[in-house]
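Let me begin by presenting the structure, written as structure tokens, before commenting on it.
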Amino acid sequence: MTTRTDIPPAETGGERRSWLREHSELGVCVLLLALGVLVLTDALTMDVDIAQRGPVGPKTVPVVVGAGLLVIAALLAVDVLRGGRGQAEGGEDIDLSEPADWRTVLLLAGVFLGAAVLIEPLGFPVAGALLFWGAAFALGSRRTDRDPLIAAGLSLVTYTVFNNLLGVPLPGGPLMGVL
């Protein structure tokens with residue numbers, strides 16, 4: 001049985017994890033890079049009718065935002081690799097010694113995903129009400145007498161403002177004929 005003598009045992013897994021932990025901001029760089037590539041790909045493959053285009057065009061803002069994301073990702077990566085580190089949160093209302101509340105995060109993610117799935121079959125007024133009520137519940141409100149009414153009111157006002165006043169069509173679902 002032969003063993004490698006060129007790599008000491010302490011340098012294999014522990015040192016690499018330590019380096020990754022010290023440079024964890026590189027994860028944000030990767031996220032910004034992926035988001036920038038996605039935005040640029042979407043913008044550059046967008047089908048635009050020449051008659052609908054103004055002097056600037058609908059591709060301009062997404063291209064600028066995508067390029068900006070790539071530049072920020074590169075600058076942040078250079079800063080992190082040169083030893084730059086983000087400062088710890090100094091908020092007075094946050095206890096940094098407490099772990100993250102993953103239950104709330106997962107509940108909110110589930111509420112958002114549920115609303116995204118339900119918006120087409122149920123329409124925005126119903127899906128929005130479930131979104132607002134679910135978010136209030138996930139964040140700790142347990143007022144079952146008040147929260148559904150406020151959520152329904154917020155959803156109807158949002159639907160009316162976007163659909164009727166701003167001209168942004170939202171799916172009405174089964175309530176389309178009523179609203």
Side-chain angles (χ1 to χ4, degrees), residues 16-89 91 94 100-136 138-139 151 154-176 179:
R16 182 176 179 171
R17 276 190 294 260
S18 174
W19 187 89
L20 288 174
R21 195 168 282 135
E22 290 174 10
H23 297 89
S24 61
E25 291 94 346
L26 289 175
V28 176
C29 299
V30 170
L31 180 67
L32 290 173
L33 177 74
L35 193 57
V37 167
L38 177 70
V39 169
L40 279 176
T41 303
D42 257 3
L44 296 175
T45 59
M46 185 185 303
D47 235 359
V48 178
D49 186 12
I50 193 73
Q52 294 177 343
R53 238 172 44 150
V56 174
K59 290 184 177 183
T60 306
V61 172
V63 167
V64 169
V65 169
L69 286 168
L70 294 179
V71 168
I72 299 250
L75 291 174
L76 181 60
V78 168
D79 181 53
V80 169
L81 293 174
R82 286 184 176 173
R85 300 204 30 106
Q87 293 183 359
E89 178 76 31
I94 299 171
D101 184 8
W102 289 107
R103 179 183 179 273
T104 301
V105 171
L106 292 175
L107 278 172
L108 282 172
V111 166
F112 281 111
L113 287 175
V117 168
L118 295 175
I119 197 167
E120 198 60 43
L122 297 180
F124 183 83
V126 175
L130 292 174
L131 170 71
F132 293 138
W133 189 14
L139 293 172
L154 275 173
S155 182
L156 287 173
V157 167
T158 303
Y159 177 79
T160 304
V161 167
F162 275 87
N163 200 53
N164 299 343
L165 299 178
L166 297 175
V168 177
L170 295 175
L175 296 177
M176 185 61 117
L179 298 175

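Positions are given from 1, in the same order as the sequence printed here.
V168 has its side chain out of reach of N163: every pair of non-hydrogen atoms, C-beta onward, lies at least 4.5 Å apart.
Expressed to the nearest 0.5 Å, how far CG of L156 lies from OH of Y159 amounts to 9.5 Å. In this structure, L35 CG and I72 CD1 are separated by 12.0 Å, a value rounded to the nearest 0.5 Å. Annotation: the span from L130 atom CG to L122 atom CG amounts to 7.0 Å, rounded to 0.5 Å. Residue L40 holds its CG atom at 11.5 Å from NZ of K59, rounded to the nearest 0.5 Å. Atom CG of residue L118 and atom CG of residue L131 lie 10.5 Å apart, to the nearest 0.5 angstrom. Residue L26 holds its CG atom at 7.5 Å from CG of L76, rounded to the nearest 0.5 Å.
Nearest heavy-atom pair, P174 versus P121, reported as atom, atom and distance to 0.1 Å: CD-O, 3.8 Å.
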Run the side-chain donor-acceptor check on residues 101-114: report pairs under 3.5 Å with partners two or more places apart or on a different chain.
| from | atom 1 | to | atom 2 | distance (Å) |
| --- | --- | --- | --- | --- |
| D101 | OD2 | T104 | OG1 | 2.5 |

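Taking V161 as the reference, V157, L165, L166 meet the side-chain contact (heavy atoms from CB on, under 4.5 Å) condition, with sequence neighbours excluded. For S155, the side-chain contact (heavy atoms from CB on, under 4.5 Å) partners at least two apart in sequence or on another chain are F124, P125, A129, F132. For V30, the side-chain contact (heavy atoms from CB on, under 4.5 Å) criterion is met by no residue, not counting sequence neighbours. Contacts of V61 classified as side-chain contact (heavy atoms from CB on, under 4.5 Å), with partners at least two apart in sequence or in another chain: V65.
Judged as a side-chain hydrogen bond (donor to acceptor under 3.5 Å, both in side chains), not a single pair has a partner in residues 107-116 (not counting sequence neighbours).
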